[in-house]
Novice: 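To start, I am sharing the structure in question, which I have written as structure tokens.
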Protein chains: 2
Amino acid sequence: MPNAHDVLFRTLADPTRRALFERLCREGEQTVGALTAQSGVSQPAVSKHLGVLRLAGLVRDRHEGRQTHYSAQLGALAPLIDWTSQMAGFWQSRFDDLEDLLKRMDQ
Amino acid sequence: MPNAHDVLFRTLADPTRRALFERLCREGEQTVGALTAQSGVSQPAVSKHLGVLRLAGLVRDRHEGRQTHYSAQLGALAPLIDWTSQMAGFWQSRFDDLEDLLKRMDQ
DNA sequence: GGGATCGATAACCTGATGGCTATGATTGAC
DNA sequence: GTCAATCATAGCCATCAGGTTATCGATCCC
């Protein structure tokens with residue numbers, strides 16, 4: 001059972017897919033057609049990528065007639081930010097431990 | 001030509017590999033043997049993962065006799081942090097644009 | 001209704017990747 | 001020198017992921 005970090009990292013690991021997400025972040029809501037036009041891959045490929053992004057919670061879709069509009073859900077990046085600061089935190093606390101050790105050695 | 005973001009995301013996308021990195025962040029420098037013991041995969045698999053992490057700049061290796069000690073290089077996470085805040089920035093500026101628009105409509 | 005457009009799904013193919021076992025290269029112990 | 005230990009590399013295999021074309025469902029236009 002993959003956790004939230006797994007899903008996020010794996011989803012963002014593909015360049016094409018990440019480019020789609022970046023574009024939605026930069027330019028806001030876009031239709032599948034608009035996204036396809038600039039993606040360099042076929043429309044079904046884009047649809048599949050958007051599906052993966054949606055499952056990861058990174059985008060929302062909104063249906064309007066024949067068109068589907070996708071938009072980025074920035075909040076979904078939270079676990080990624082958490083993970084990063086957690087890693088930094090571990091690092092820091094190990095550094096603190098070292099500092100403590102050195103202090104005690106100093107006495 | 002994959003950029004820094006590509007390499008980082010793809011490297012951290014694999015759960016086994018990310019677990020190795022997390023462990024090095026938490027517990028500091030470790031030998032390949034120690035890492036293998038807790039990884040659930042074979043020693044060659046661990047070595048391969050460590051090689052990938054090293055190519056991504058996420059770990060350093062230090063040779064000491066027969067043993068190889070690996071340690072996390074937290075600085076390598078910088079592009080990931082940059083990317084995340086860039087996405088947040090795009091989001092924010094689009095929000096600002098919207099605010100501007102609403103303000104101008106208000107006049 | 002009939003045809004065109006838009007997007008999702010199906011079916012398939014291929015390359016990349018992560019795992020394994022086997023072995024090689026170095027170093028340490030005796 | 002010999003054997004054991006540690007890690008890296010080689011070679012192989014199975015799975016998966018991303019791409020394609022073909023097609024379907026739904027909507028719009030006439």
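Every chain is numbered from 1, with letters handed out A, B, ... down the list of sequences.
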Novice: For A:F9 and C:dT17, what is the distance between atoms CZ and P respectively, to the nearest whole Å?
Specialist: 18 Å

Novice: Between atom CG in B:L50 and atom C1' in D:dT6, what is the gap in whole Å?
Specialist: 13 Å

Novice: Can you measure B:E64 atom CD to D:dA8 atom C1' for me and round it to whole angstrom units?
Specialist: 18 Å

Novice: OP1 or OP2 of C:dG19 less than 4.0 angstrom from a side-chain nitrogen or oxygen of B:T16, does that happen here?
Specialist: yes

Novice: If only side-chain N and O atoms of B:Y70 are considered, is one of them under 4.0 Å from the OP1 or OP2 phosphate oxygen of D:dT6?
Specialist: no

Novice: Would you please confirm or rule out a distance under 4.0 Å between OP1 or OP2 of C:dC20 and any side-chain N or O of B:S42?
Specialist: yes

Novice: To the nearest Å, how far apart are B:D61 CG and D:dT9 P?
Specialist: 10 Å

Novice: Atom CG of B:D6 and atom P of D:dG18: how far apart are they, to the nearest Å?
Specialist: 12 Å

Novice: Of all the nucleotides listed (C:dG7, D:dT9, D:dA17), which has the minimum atom distance to the side chain of B:S47?
Specialist: D:dT9

Novice: Output yes when at least one side-chain N/O atom of A:H63 is less than 4.0 Å from OP1 or OP2 of D:dT27, else no.
Specialist: no

Novice: Between A:T68 and A:H63, does a side-chain contact (heavy atoms from CB on, under 4.5 Å) hold up when you go through it step by step?
Specialist: CA-CA 5 Å; A:T68 310; A:H63 298 277; 3.4 Å; yes

Novice: Spell out yes or no: do the side chain of B:Q67 and the base of D:dA5 have one donor N/O and one acceptor N/O closer than 3.5 Å?
Specialist: no

Novice: D:dT9, D:dG19, C:dG7: which one has an atom nearest the side-chain heavy atoms of A:A45?
Specialist: D:dG19

Novice: Can you check the B:R10 CZ to D:dA17 C1' distance for me, whole Å?
Specialist: 13 Å

Novice: C:dA10, C:dA22, D:dC7: which one has an atom nearest the side-chain heavy atoms of B:T31?
Specialist: D:dC7

Novice: With clusters defined by side-chain heavy atoms of hydrophobic residues (ILVMFWY) lying less than 4.5 Å apart, directly or transitively, does A:V46 cluster with A:V52?
Specialist: no

Novice: For D:dA17, take OP1 and OP2 only and decide whether either is under 4.0 Å from a side-chain N or O of A:R17.
Specialist: no

Novice: Report yes or no: is there a donor-acceptor pair, N or O only, under 3.5 Å between the side chain of B:R66 and the base of D:dA5?
Specialist: yes

Novice: Going hydrophobic residue to hydrophobic residue with side-chain gaps under 4.5 angstrom, can you get from A:L35 over to A:L74?
Specialist: yes

Novice: From NZ of B:K48 over to C1' of C:dC20, roughly how many Å is that when rounded to an integer?
Specialist: 9 Å

Novice: Hey, does B:W83 have a side-chain heavy atom less than 4.5 Å from the side chain of A:E22?
Specialist: yes

Novice: Could you check how far CG of A:D14 sits from C1' of C:dA16, rounded to whole Å?
Specialist: 12 Å

Novice: Flag the pair A:D6 and B:R18 as a salt bridge only when some basic side-chain nitrogen lies within less than 4.0 angstrom of an acidic carboxylate oxygen.
Specialist: yes

